[in-house]
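Labels below follow one simple rule: chain letters A, B, ... track the order of the sequence lines, proteins then strands, and each chain is numbered from 1. Nothing here was measured: the structure is a model prediction, and the numbers come from that model.
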Number of protein chains: 2
Amino acid sequence: MKETVKNIINTIYPISNQAFGAIEKLLKFETYSKGDTFISRNKRNEKEYFALKGISKSYLINPDGDEITISFFLENSILSLHSIRTSNNISNLYFKALTDIELASINAKKFEQLMIENIEIRNFANTVLQNELISKVEKEIGLASLSAKERLIEFRNKYRLLENLIPHTDIASYLGITNISLSRLRKDLMN
Amino acid sequence: MKETVKNIINTIYPISNQAFGAIEKLLKFETYSKGDTFISRNKRNEKEYFALKGISKSYLINPDGDEITISFFLENSILSLHSIRTSNNISNLYFKALTDIELASINAKKFEQLMIENIEIRNFANTVLQNELISKVEKEIGLASLSAKERLIEFRNKYRLLENLIPHTDIASYLGITNISLSRLRKDLMN
DNA sequence: GCTTGCCATTAACATTTGTTAATAAGCGGT
DNA sequence: ACCGCTTATTAACAAATGTTAATGGCAAGC
């Protein structure tokens, strides 16, 4: 499991074994079942997470009570950074397991300290931050300037297998359309 | 002008005079004319900015050649953080002056060093980061779950005076609609 | 004062997307 | 294997938004 974390990090920004050692010592492991909301909006959260197994999403609930998907998180990736998803250690988003999942976690405060002390870890974290922000801007552009059909095509390129693994309702709200529209577009794109 | 920068900072996250002194020493001042693109995508940029006067926008250009507005920046605020808008000191976005503008700037590398050395400045910067990210998520939610009319109403609440100061084309692309649709919604909301 | 160019509005029509409701299909638990 | 629940599809219609094109207003420069 620790090896998996190391691979995740090195895929994003390779760091030395010494630098990884400092992280490794702080790792904890957690599992959740499909459907579990493991981070709640307005609740305390003080962790950084590595996604080892399974699929999860971040989401919000709109005034109608519907879940609006913000992002998906696949295996072998970093869950949205603590600094991006919390304010004063209070979560701004919900996170839910869409399948059974395994996470590695690390105390965010301690991780921040590692960033300050160690330039490799700082560079790694900044790379993660960059990637996440670029992804957000890309999604923003998509929502602002593409048709729903084009957004679905982009989604398929970015998350090749997801469409067959998770409820379409989650995908539809991510794309900013209803699940009925998604169904129509799927049919349309079959030809 | 330096006093204005101090006020901007203190409105976001109050810092001591000593902490501000470290920033103050590094400030430079710049002015641009209405229509100037002062940061270009794929070009080098190594600065943090304070917006002292005037209005600007960040944008991208889509495959059709249209400018898509990402964000607006008002007087007495922080321009999008360097860490959010660049990768390896290369800008991911264009920035354009929508009126004549005055900016204060500071070298991003030096500012990052101040963040590492000084917890007040780090807290200030993290607050700015938080605010910007929350704003991005809010916009994302809006695009994904509100109608164009509702988005216009939200826009008017967030940027009260902007609608009468800048071209509607810029607002329309920010809202993810055509300027014709914007015109229709404006008429509709008059009743 | 006139012209030029840019931008906002309006109209007419086409297309996309939403809404409601009925049906079908898949899936988990017993 | 069956039942019951959730989710996906389809249809019919309504509403929202896009497209193209024509019109009008307004400000900058001559």
Side-chain angles (χ1 to χ4, degrees), chain A residues 32-37 54-55 57 59 62-69 72 96-100 141-156 161-191, chain B residues 33-37 55 57 59 62-69 72 96-100 141-156 161-191:
Chain A
Y32 296 96
S33 302
K34 176 174 174 175
D36 289 355
T37 293
I55 299 163
K57 71 167 180 178
Y59 67 103
N62 73 7
D64 294 344
D66 306 317
E67 295 183 1
I68 308 294
T69 303
F72 294 109
K96 179 185 278 190
L98 298 179
T99 65
D100 292 353
I141 307 305
L143 286 169
S145 72
L146 300 180
S147 68
K149 189 190 292 187
E150 293 169 316
R151 294 202 296 277
L152 175 55
I153 292 168
E154 274 205 348
F155 169 84
R156 287 179 167 181
L161 25 62
L162 226 46
E163 201 171 339
N164 303 313
L165 294 178
I166 63 172
H168 288 181
T169 310
D170 295 329
I171 296 173
S173 81
Y174 177 83
L175 295 174
I177 57 178
T178 60
N179 47 352
I180 292 97
S181 281
L182 175 56
S183 196
R184 273 197 288 245
L185 294 173
R186 281 164 51 75
K187 186 177 182 185
D188 191 54
L189 288 175
M190 279 177 140
N191 310 323
Chain B
S33 301
K34 177 175 173 174
D36 289 354
T37 293
I55 299 163
K57 70 166 180 178
Y59 67 102
N62 73 6
D64 294 345
D66 305 317
E67 294 182 2
I68 308 294
T69 304
F72 294 108
K96 179 185 276 189
L98 298 178
T99 65
D100 292 352
I141 307 305
L143 286 169
S145 71
L146 300 180
S147 68
K149 190 190 289 185
E150 292 169 317
R151 294 203 296 277
L152 175 56
I153 291 168
E154 274 206 348
F155 170 84
R156 286 178 167 181
L161 23 62
L162 225 47
E163 202 171 339
N164 302 313
L165 294 178
I166 63 173
H168 288 181
T169 310
D170 294 329
I171 296 173
S173 80
Y174 177 83
L175 295 174
I177 57 177
T178 61
N179 48 351
I180 291 97
S181 281
L182 175 55
S183 196
R184 273 196 289 244
L185 294 173
R186 281 163 52 77
K187 186 178 181 184
D188 191 54
L189 288 175
M190 279 176 143
N191 310 324

Atom pairs, N/O to N/O, protein against nucleotides 15-18 of chain D, distance under 3.5 Å?
from	atom 1	to	atom 2	distance (Å)
D:dT17	OP1	B:Ala148	N	2.9
D:dG18	OP2	B:Thr178	N	3.2
D:dG18	OP2	B:Thr178	OG1	3.3
D:dG18	OP2	B:Ser181	OG	2.6
D:dG18	N7	B:Arg184	NH2	2.6
D:dG18	O6	B:Arg184	NH1	3.1

Report task. Using salt bridge (Lys or Arg N to Asp or Glu O under 4.0 Å) as the criterion, list what pairs up with A:Lys96, not counting sequence neighbours. Result -> A:Glu67
Report summary line: Rounding to 0.5 Å, atoms CG (A:Asp170) and OG1 (A:Thr69) come to a distance of 4.5 Å
Query raised in the report: Taking only residues two or more places apart in sequence, or in another chain, which ones meet A:Asp36 in a side-chain contact (heavy atoms from CB on, under 4.5 Å)?
Result: A:Tyr32, A:Ser33
Query raised in the report: Rounded to whole angstrom units, what separation is found between the CG atom of A:Asn179 and the C1' atom of D:dT7?
Result: 8 Å
Query - Of all pairs that satisfy salt bridge (Lys or Arg N to Asp or Glu O under 4.0 Å), the ones with a partner from residues 142-152 of chain B, not counting sequence neighbours - result: B:Lys149-B:Asp188
Query raised in the report: Looking only at heavy atoms, what is the nearest atom pair of B:Ala144 and A:Ser173, with distance?
Result: CB-O, 3.9 Å
Query raised in the report: Can you tell me how far C1' of D:dC5 sits from NZ of A:Lys34, to the nearest Å?
Result: 13 Å
Query raised in the report: Looking at residues at least two apart in the chain, or sitting in another chain, which of them share a side-chain contact (heavy atoms from CB on, under 4.5 Å) with B:Asn62?
Result: A:Ser145, B:Asp64, B:Asp66, B:Ile68
Query raised in the report: In the 5'-to-3' direction, what one-character label does each nucleotide of nucleotides 25-30 of chain D receive under the scheme B = base within less than 4.0 Å of a protein heavy atom, S = sugar-phosphate only, - = no such atom?
Result: ------
Query raised in the report: Looking at five pairs on each end of the helix from C:dG1-D:dC30 to C:dT30-D:dA1, what is the angle between the two axes, given to 10 degrees?
Result: 50°
Query raised in the report: Would you say B:Leu189 and B:Arg156 make side-chain contact, with heavy atoms under 4.5 Å?
Result: yes
Requested in this report: Provide the start and end nucleotides, 5' to 3', of the part of DNA chain C that has atoms under 4.0 Å from heavy atoms of chain B.
Outcome: C:dA8 to C:dA12
Query - Residues that B:Tyr174 engages under ring-ring contact (aromatic ring centres under 6.0 Å, His included), provided they are two or more places apart - result: B:Phe72, B:Phe155
**Report entry** Counterpart residues, side chain to side chain donor-acceptor pair (under 3.5 Å), relative to B:Thr99 (two or more places apart)
**Finding:** none
**Report entry** For A:Glu154, all residues meeting salt bridge (Lys or Arg N to Asp or Glu O under 4.0 Å), sequence neighbours excluded
**Finding:** none
Query raised in the report: What are the two closest non-hydrogen atoms of A:Lys34 and A:Leu98, and how far apart are they?
Result: CG-O, 3.5 Å
Query - Any residue meeting side-chain contact (heavy atoms from CB on, under 4.5 Å) with B:Leu182, in chain and number order, not counting sequence neighbours - result: B:Leu152, B:His168, B:Ile171, B:Ala172, B:Leu175, B:Ile177, B:Arg186
Query raised in the report: Separation of A:Leu152 atom CG from D:dA8 atom C1', in whole Å?
Result: 15 Å
Report task. Hey, could you give me the CG/CD distance between B:Leu161 and B:Glu163, rounded to the nearest 0.5 Å? Result -> 10.5 Å
